[in-house]
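One structure is given here, and the rest of the page talks about it.
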Amino acid sequence: MTTTTRRWASALCLSFTLCAAGLLLAACGGVGEEGTGIQPASASVGMVQGLSDTSVTVNGVSYAQSAATVSDGFGQPMAKEDLRLGMWLEVQGSIDDSGTQGVAHTIRVRPAARGIVSAKGAGGVTLTVFDSTVHLDNGTVLDGTPDAASLAPGDLVEVHGPLSSVAGDVSASRVEKLHPTPQTPPRYELRGRVSLLDSAPGHHSFTLGRRVIDYSGANITLRQALANGQIVRVSAAAGPLPGKPWAVEKLTSDLALPDNLGFLYTEGYVESLQAGPAFELEGLAVDASSANGKAGINAEGLRVAVVGALVNGKLKAKSVAVVQPGEPVVFSLSGPVTDFVSPASFRLRGVSIDASGASYLSPATPGGLADAVRLRVKGAVLGRR
């Protein structure tokens, strides 16, 4: 992974907390040990909003990750140090009764696409990757590039975010420009919903988003028979050729959720809306008939955050909230300062920070910043620019 070059703007920094090294364990530590009130099973599906030495925060839940296994979308092991802000994750583990702290057992990174930028929209607001339209907004974390304007056709990028209600569209929580080398060659990847499946004898193709897939030579690991509407992930060492189906090497499905979970927090786009309301989020059936905020779910295509429990495979929602387009996201980071130049220029966990306009909590002062000082910051990224 490259280091994050996206800067947090001082005008958007919401708060900035400095903890001296002697106070770190008390004030800047991660999630505590599992104790009374921990529910036996939970899951969070969404973007990484916070990182510390010991925890990862997804959908406002801070999960201790020291005992967790981390893998990519195909189940291949990853290092915990490779987790980055804005990544789209599925975390399974346990959670306390407050719904804010838990212990992760498994963490799976779920990028939406890894491919070549083929075109840019006006003002760098959208990118086209694998014929998929990638929308950037004020909550998009950019990595490996100073801003969206610096991205160009031909760049290799990894895109994170939920699948849009429009086939082939992605609302990006993170876009990272990759820099492959002979030692780390690129691998292309795409996640989406199967359509136009042709599995007749001698035919092995379907459409994923807007890209035609040839899976005749793929290593297939699916939980059920391939069918239209199923969400799958494909990859290959070579990208698609213009005008031809993309011959993929791997075809798999997302990590299965248990049929019953005491807590599930997930985000996505409303599909198949029915009275109640009842709807689907990326194939997951949601019953929001008893949920707080259900009145706001009045149209398909809304992006929503849902909290509830899985009962026999259906999400019984306790609350639903509409996520407004372009709404800034507050991120948090904890760790030691590196590459310190001034309060307006230093790094924390590889992220470039501008704290020149931040609020400092006593006894913190700008003069107390220096390399190796451990601190906690909260703020918003500029997103596209």
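We number each residue from 1, following the sequence as shown. Note that the coordinates shown come from a computational prediction; the quantities given were computed from them, not determined experimentally.
One finds no salt bridge joining D371 and R347 here, because no Lys/Arg side-chain nitrogen approaches an Asp/Glu carboxylate oxygen to under 4.0 Å. Ion pair D287/K314 not flagged as a salt bridge, since none of the NZ, NE, NH1 or NH2 atoms sits closer than 4.0 Å to an Asp/Glu carboxylate oxygen. With respect to the salt-bridge test (charged N to carboxylate O, under 4.0 angstrom), the residues R174 and E176 qualify.
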Checking side chain to side chain contact (heavy atoms under 4.5 Å, CB included) for the pair L222/Q230: CA distance, chi angles, key distance, verdict? CA-CA 10 Å; L222 297 172; Q230 189 175 352; 4.0 Å; yes
If you apply the rule side chain to side chain contact (heavy atoms under 4.5 Å, CB included), what do you find for V91 with I107, and how did you get there? CA-CA 5 Å; V91 181; I107 299 174; 4.3 Å; yes
Kindly indicate, with the supporting measurements, whether the criterion side-chain hydrogen bond (donor to acceptor under 3.5 Å, both in side chains) is fulfilled by S342 and S345. CA-CA 5 Å; S342 71; S345 178; 5.4 Å; no
Show the numbers, then the answer: is there a side chain to side chain contact (heavy atoms under 4.5 Å, CB included) between D143 and E158? CA-CA 10 Å; D143 193 344; E158 181 173 287; over 6 Å; no
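From Y265, atom OH reaches atom NZ of K318 across 14.0 Å, with rounding to the nearest 0.5 Å. The distance from the CD1 atom of I297 to the OG atom of S289 is 13.0 Å, given to the nearest 0.5 Å. If you take CZ on R349 and CD on E81, they are separated by 8.0 Å, rounding to the nearest 0.5 Å. Put simply, CG on D96 and CZ on F263 are 9.5 Å apart, with the number rounded to the nearest 0.5 Å. The CG atom of L284 lies 6.0 Å from the CG atom of L310; values are rounded to the nearest 0.5 Å. Here the straight-line distance linking atom CZ of R187 with atom CD of E249 works out to 4.5 Å at 0.5 Å rounding.
A donor-acceptor distance shorter than 3.5 angstrom exists from the side chain of N59 to the backbone of V45, with no hydrogens or angles considered. Of the possible polar contacts, one joining the D147 side chain to the A149 backbone as a donor-acceptor pair under 3.5 Å is found. Formation of a donor-acceptor pair under 3.5 Å by the K294 side chain with backbone atoms of A317 is not found in this model. At distances below 3.5 Å, not a single donor-acceptor pair connects side-chain atoms of K177 with backbone N or O atoms of G144. Between the side chain of T128 and the backbone N or O of S118 there is no donor-acceptor pair closer than 3.5 Å. For the pair R233 (side chain) and P111 (backbone), a donor-acceptor distance under 3.5 Å is present.
Two residues are said to be in side-chain contact when any heavy atoms from C-beta on lie closer than 4.5 Å; V129 and V170 fail this criterion. Side chains of M87 and D82 form no contact here, defined as non-hydrogen atoms less than 4.5 Å apart. Considering only heavy atoms from C-beta on, V234 stays 4.5 Å or farther from Y215 through its side chain. Contact of the P258 side chain with the Q92 side chain is registered, since non-hydrogen atoms from C-beta on lie closer than 4.5 Å. For the pair L142 and L136, the minimum side-chain heavy-atom distance is below 4.5 Å. You'll find the side chain of P153 reaches within 4.5 Å of the side chain of K120, heavy atoms only. Here the side chains of L369 and Y360 are in contact, with some heavy-atom distance below 4.5 Å.
Counting all heavy atoms, side chain and backbone alike, G93 lies closest to H105 at CA-ND1, 3.5 Å. Closest non-hydrogen pair, Y63 versus S94, comes out as CE2-O, 3.7 Å. Nearest heavy atoms, R210 versus D169: NH2-OD1, 2.7 Å. Considering all non-hydrogen atoms of both residues, F331 and G86 come closest at CE2-N, 4.1 Å. Looking at every heavy atom in both residues, W246 comes nearest to E189 through CH2-N, 4.0 Å. Shortest non-hydrogen contact noted between S150 and D155 is O-OD2, 4.0 Å.
One hydrophobic cluster holds both V320 and L261 under the rule that ILVMFWY side chains link at heavy-atom gaps under 4.5 Å. In the hydrophobic clustering of this structure, V322 groups with L281; members are Ile, Leu, Val, Met, Phe, Trp, Tyr whose side-chain heavy atoms approach within less than 4.5 Å, directly or through other members. Connection of I116 to L208 is established within a shared hydrophobic cluster, with ILVMFWY side chains joined at heavy-atom distances below 4.5 Å, either directly or through further cluster members. Cluster annotation: L151 and L178 are assigned to the same hydrophobic cluster (Ile/Leu/Val/Met/Phe/Trp/Tyr, side-chain heavy-atom contacts under 4.5 Å, transitive). Residue L264 is not grouped with residue V311 when hydrophobic side chains (ILVMFWY) are merged at heavy-atom distances under 4.5 angstrom, including chains of intermediate members.
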Taking only distance into account, with no hydrogens and no angle test, what donor-acceptor pairs under 3.5 Å do side-chain atoms of residues 65-75 form with protein atoms, sequence neighbours excluded?
residue: Q65; atom: NE2; partner: S55; partner atom: O; Å: 3.4
residue: D72; atom: OD1; partner: F74; partner atom: N; Å: 2.9
residue: D72; atom: OD1; partner: G75; partner atom: N; Å: 3.1
residue: D72; atom: OD1; partner: Q76; partner atom: N; Å: 2.8

Contacts under 3.5 angstrom, residues 190-206 side chains, donor-acceptor by atom type, not counting sequence neighbours:
residue: R191; atom: NE; partner: D254; partner atom: OD1; Å: 3.3
residue: R191; atom: NE; partner: D254; partner atom: OD2; Å: 3.1
residue: R191; atom: NH1; partner: E282; partner atom: OE1; Å: 3.2
residue: R191; atom: NH2; partner: D254; partner atom: OD2; Å: 2.6
residue: R191; atom: NH2; partner: E282; partner atom: OE1; Å: 2.7
residue: R193; atom: NH2; partner: E271; partner atom: OE1; Å: 3.0
residue: S195; atom: OG; partner: T207; partner atom: O; Å: 3.4
residue: D198; atom: OD1; partner: A200; partner atom: N; Å: 3.3
residue: D198; atom: OD2; partner: H203; partner atom: ND1; Å: 3.2

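Classified by interplanar angle (parallel below 30°, tilted 30° to 60°, perpendicular above 60°), the ring pair F130/Y188 is perpendicular.
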